[in-house]
K.L.:
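Have a look at this one before I ask anything.
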Amino acid sequence: MVSKLASFDMPVMGHAGLIPRKSTWIGGLRAFGRTAEEAMELYRQFKRLEDAGAWAVEVEVVPTEVLAAINMKTKLVTTSIGAGSGGM
């Protein structure tokens, strides 16, 4: 979907971390990215969004340190909702 919209020059913003409507997939409403495995999955989500043509991502309930580390490896603009000051 992101690739298709981006191909029409439509700005696309993704959503990563805690996604409330998908929270049952990660065990409920909780911070996402606390373990190394979850942090790497979050990074892969960022890269997929970036590769698909997104310009930004809303990051929800992710540890500040994890978001700050990912921000150093992506061109996406990030907005933080409960993810501390790690957003750009």
Side-chain angles (χ1 to χ4, degrees):
M1 180 64 71
V2 173
S3 296
K4 188 66 165 176
L5 292 171
S7 73
F8 291 111
D9 294 326
M10 294 181 73
V12 180
M13 181 177 193
H15 191 167
L18 171 66
I19 301 173
R21 65 183 164 75
K22 296 180 179 178
S23 64
T24 57
W25 299 3
I26 64 167
L29 295 170
R30 63 174 184 82
F32 187 78
R34 288 185 177 172
T35 67
E37 184 179 321
E38 286 182 353
M40 288 305 298
E41 175 55 31
L42 193 60
Y43 172 70
R44 286 188 290 271
Q45 289 174 12
F46 269 66
K47 293 310 284 180
R48 283 193 300 270
L49 286 167
E50 186 176 350
D51 292 345
W55 73 277
V57 61
E58 175 185 302
V59 185
E60 193 166 346
V61 194
V62 169
T64 301
E65 302 81 18
V66 172
L67 180 54
I70 291 173
N71 267 328
M72 295 188 324
K73 298 183 178 293
T74 185
K75 295 176 185 174
L76 293 172
V77 173
T78 56
T79 59
S80 167
I81 298 178
S85 61
M88 297 174 91

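FYI, side chains are in, hydrogens and waters are out, and symmetry mates aren't considered; it's all heavy atoms of this structure. Just so we're clear, the structure is a prediction, and the values are computed from it rather than from any experiment.
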K.L.:
To the nearest 0.5 Å, what is the distance between CD on Glu60 and CZ on Phe32?
P.N.:
13.0 Å
K.L.:
With Arg34, which residues qualify under salt bridge (Lys or Arg N to Asp or Glu O under 4.0 Å), at least two apart?
P.N.:
none
K.L.:
For the atom pair OG1 (Thr74) and CD (Gln45), what is the distance rounded to the nearest 0.5 Å?
P.N.:
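These two atoms lie 12.0 Å from each other.
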K.L.:
Test of understanding: with salt bridge (Lys or Arg N to Asp or Glu O under 4.0 Å), list the residues that count as partners of Glu50, not counting sequence neighbours.
P.N.:
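Per chain and number, Glu50 pairs via salt bridge (Lys or Arg N to Asp or Glu O under 4.0 Å) with Lys47.
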K.L.:
Return the set of residues passing side chain to side chain contact (heavy atoms under 4.5 Å, CB included) with Ala39 (not counting sequence neighbours), or none when no residue passes.
P.N.:
Val66
K.L.:
Could you list the residues that satisfy side chain to side chain contact (heavy atoms under 4.5 Å, CB included) with Met40, not counting sequence neighbours?
P.N.:
Tyr43, Arg44
K.L.:
What distance separates Trp55 CH2 from Leu76 CG, expressed to the nearest 0.5 Å?
P.N.:
10.0 Å
K.L.:
Taking only residues two or more places apart in sequence or in another chain, which ones pass side chain to side chain contact (heavy atoms under 4.5 Å, CB included) with Ala52?
P.N.:
Val2, Ser3
K.L.:
Only one of Val62, Thr78, Leu42 passes side-chain contact (heavy atoms from CB on, under 4.5 Å) with Ile70; say which it is.
P.N.:
Leu42
K.L.:
Show me the donor-acceptor pairs within less than 3.5 Å that the side chains of residues 5-12 make with the rest of the protein, sequence neighbours left out.
P.N.:
from, atom 1, to, atom 2, distance (Å)
Ser7, OG, Lys4, O, 2.6

K.L.:
What closest approach, in Å, do Met13 and Thr79 show between heavy atoms, and which atom pair accounts for it?
P.N.:
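Met13 and Thr79 have their closest heavy atoms at CE-OG1, 3.3 Å.
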